[in-house]
Amino acid sequence: MKTAIHWVAPLAGAILALGALPATAQTIKIGFISSYSGLNGNLGPYMERGARLYLKEHAKELPPGVSVEFLIRDDTGPNPDKAKQLAQELIVRDKVNLLAGVIFTPNAMAMAPLATEAKVPFVIMNAGTSVITARSPYIARLSFTLWQSCYPLGQWAAKKFKRPYTLVSDFGPGHDCEDAFTKATKEAGGDVAGSVRVPLMNPDFVPYMQRVKDAKPDALMVFIPAGKTATAVLKAFGDLGLAKSGVKLIGPGDVTTDEELENMGDAALGVLTVHHYSAAADRPANKAFVAAWKRDYGANETPNFVAVGGWDGMAAIMHAIKAQNGKLDPDKTMDLLKNFKDANSPRGPISVDPATRDIVQNEYLREVRRVGGKLANVEIETVGTAVKDPWKELQKK
Ligand code: PHB
């Protein structure tokens, strides 16, 4: 009897000592899939840096003993098979708590059924085709939809232009933007002068721009995926002299993506876009974000809307981690993501619509101007306040 007590006591002491530690050190694993190579492979690092910067700036808010680990994977551009394979490995082998990231719509679509099957919450930080969030109840989107920018763009443009032409990349977000812009134009009593879809991969924009020039529209509305593709559009637009022949270039903000403006040069001056984020916005929350970005990544580095998608996506994830004290339950996590709000995102006030799990945000009209010697998307007007995805709103009617 005595010996038994002797044997038990030290063990009980050890258990007590363990209990005094922060409730078992906990690591939240985020399977982060983005594009680091292939088409617009420059965008992945913006998303990752945005997410990491949020985590760094808010690390103190993590519950005691809880840490976050990113498992970074390169989907190599629009490559749904690769994205699906990576997501499968992250879920089955690495047992991630969440999936996050994804620049391209086809990749998000391929991953959606896996999120549902495995009940792994999936936070979208870029991919913008409206239907994506309807593909899994485990998806929440903290980026944007193309309907959110292209529909108010069309409403605004209908007051300024009589014969707009549309040119879009031939895949989900391009089709959404073309549909949204055309619908808004027609609702305002106008019509488009013509529409063309260009291949997603390595398009040569020159013959398309020539066709547009020949049609003599007063505006050209372009959606292409941001990054180097945007610079190729601006170059072809400038080289063929469309601006000089009276064609105004307009579009969602992807076409004047902040990080490429200097590469675009003067051809970008005067381009008018509607979007939810500009690095040049003078909101205090944005000034602080841009300053932290430059402090950590270099004085000449500029964040873009993909970076803000990473930042806000991480803010939503952090909210779910804090509210559950670091022990993530998938359904509880979705409830928290669905009800996430931030009055002070760098892009302005944002929230997630609990009915659709899609972001609600402002849309700003911007013009590319030279500010302090550098090209910038200067916000000139708020054209939409607390805009819900118009595509989903129209489905309800
Ligand atoms: C998308 O595939 O949904 C996508 C990609 C790049 C963008 C916008 C949307 O700039």
Side-chain angles (χ1 to χ4, degrees), residues 33-47 50 75-80 82-84 100-112 122-135 139 141-151 153 167-181 197-203 221-234 251-261 264 271 273-279 303-310 312-313 347 358-359 361 363 366 377 389 391:
I33 300 180
S34 200
S35 301
Y36 295 85
S37 61
L39 183 77
N40 298 326
N42 68 314
L43 295 177
Y46 281 93
M47 184 184 274
D75 61 21
T76 73
N79 186 345
K82 179 81 182 171
K84 191 174 171 183
V102 189
I103 301 292
F104 287 101
T105 288
N107 301 13
M109 298 285 266
M111 290 164 61
F122 176 15
V123 174
I124 295 200
M125 296 174 169
N126 190 71
T129 303
S130 282
V131 77
I132 292 173
T133 47
R135 289 296 168 92
I139 288 179
R141 175 158 42 199
L142 272 296
S143 49
F144 56 87
T145 74
L146 270 302
W147 270 86
Q148 267 179 332
S149 49
C150 299
Y151 190 67
L153 173 70
L167 181 154
V168 302
S169 287
D170 193 4
F171 76 131
H175 302 167
D176 272 11
C177 183
E178 182 193 279
D179 287 351
F181 183 85
R197 293 177 174 185
V198 305
L200 172 59
M201 303 302 288
N202 308 314
M221 194 295 291
V222 173
F223 167 79
I224 38 69
K228 301 289 172 199
T229 312
T231 309
V233 165
L234 265 295
D254 309 71
V255 76
T256 58
T257 181
D258 288 315
E259 86 288 1
E260 281 295 315
L261 286 175
M264 294 173 183
V271 177
T273 54
V274 169
H275 222 210
H276 56 277
Y277 180 71
S278 162
N304 58 10
F305 68 91
V306 179
V308 167
D312 287 327
R347 57 180 115 170
D358 227 331
I359 189 155
Q361 60 191 337
E363 292 290 334
R366 310 101 47 84
N377 285 298
D389 176 33
W391 183 77

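Any value given below was found using the heavy atoms of this structure, including those in side chains, with hydrogens, waters and symmetry copies removed. For this chain, numbers begin at 1 and follow the sequence in order. Both ligands and their constituent atoms are indexed starting at 1 by order of listing. Predicted, not measured: the structure shown is a model, and the values here were computed from it.
Here is the list of ligand 1 atoms found below 4.0 Å of a heavy atom in Phe305: 10 (O). Near Ile103, with a cut-off below 4.0 Å to any heavy atom, the atoms of ligand 1 are 1 (C), 2 (O), 3 (O), 4 (C), 5 (C). The ligand atoms of ligand 1 that sit less than 4.0 angstrom from a heavy atom of Phe171 are 2 (O). Under a 4.0 Å criterion applied to the non-hydrogen atoms of Gly128, ligand 1 contributes the atoms 1 (C), 3 (O).
Not a single heavy atom of Leu43 sits under 4.0 Å from any atom of ligand 1.
Using modelled atom types, no side-chain atom of Asp358 and backbone atom of Thr133 make a donor-acceptor pair closer than 3.5 Å.
If you look at Pro173 next to ligand 1, the close heavy atoms, those under 4.0 Å, all belong to the side chain. Under 4.0 Å from ligand 1, heavy atoms of Thr105 appear from its side chain as well as its backbone.
For atom 10 (O) of ligand 1, the nearest protein heavy atom (residue, atom name, distance) is Asp254 OD2, 2.6 Å. Taking atom 6 (C) of ligand 1 as the reference point, the nearest protein heavy-atom neighbour is Pro225 CB, 3.5 Å.
Note: Leu146 CG to Asp389 CG = 10.0 Å, rounded to the nearest 0.5 Å. Atom CD in Glu260 sits 12.5 Å away from atom CG in Asp254 (nearest 0.5 Å).
Between His275 and Phe144, the ring-plane angle classifies as tilted under the 30° and 60° cut-offs. Classification of the Phe104-Phe171 ring pair by plane angle, with boundaries at 30° and 60°, yields tilted.
Between Ala226 and ligand 1, an N or O atom pair is found at a separation short of 3.5 Å. Considering both main-chain and side-chain atoms, Asn126 never comes within under 3.5 Å of ligand 1 through any nitrogen or oxygen pair.
More than 12 heavy-atom neighbours from other residues, nucleotides or ligands sit within 6.0 angstrom of CZ on Arg197.
Proximity of Val255 to Val233: side-chain heavy atoms (C-beta onward) are separated by under 4.5 Å at one or more points.
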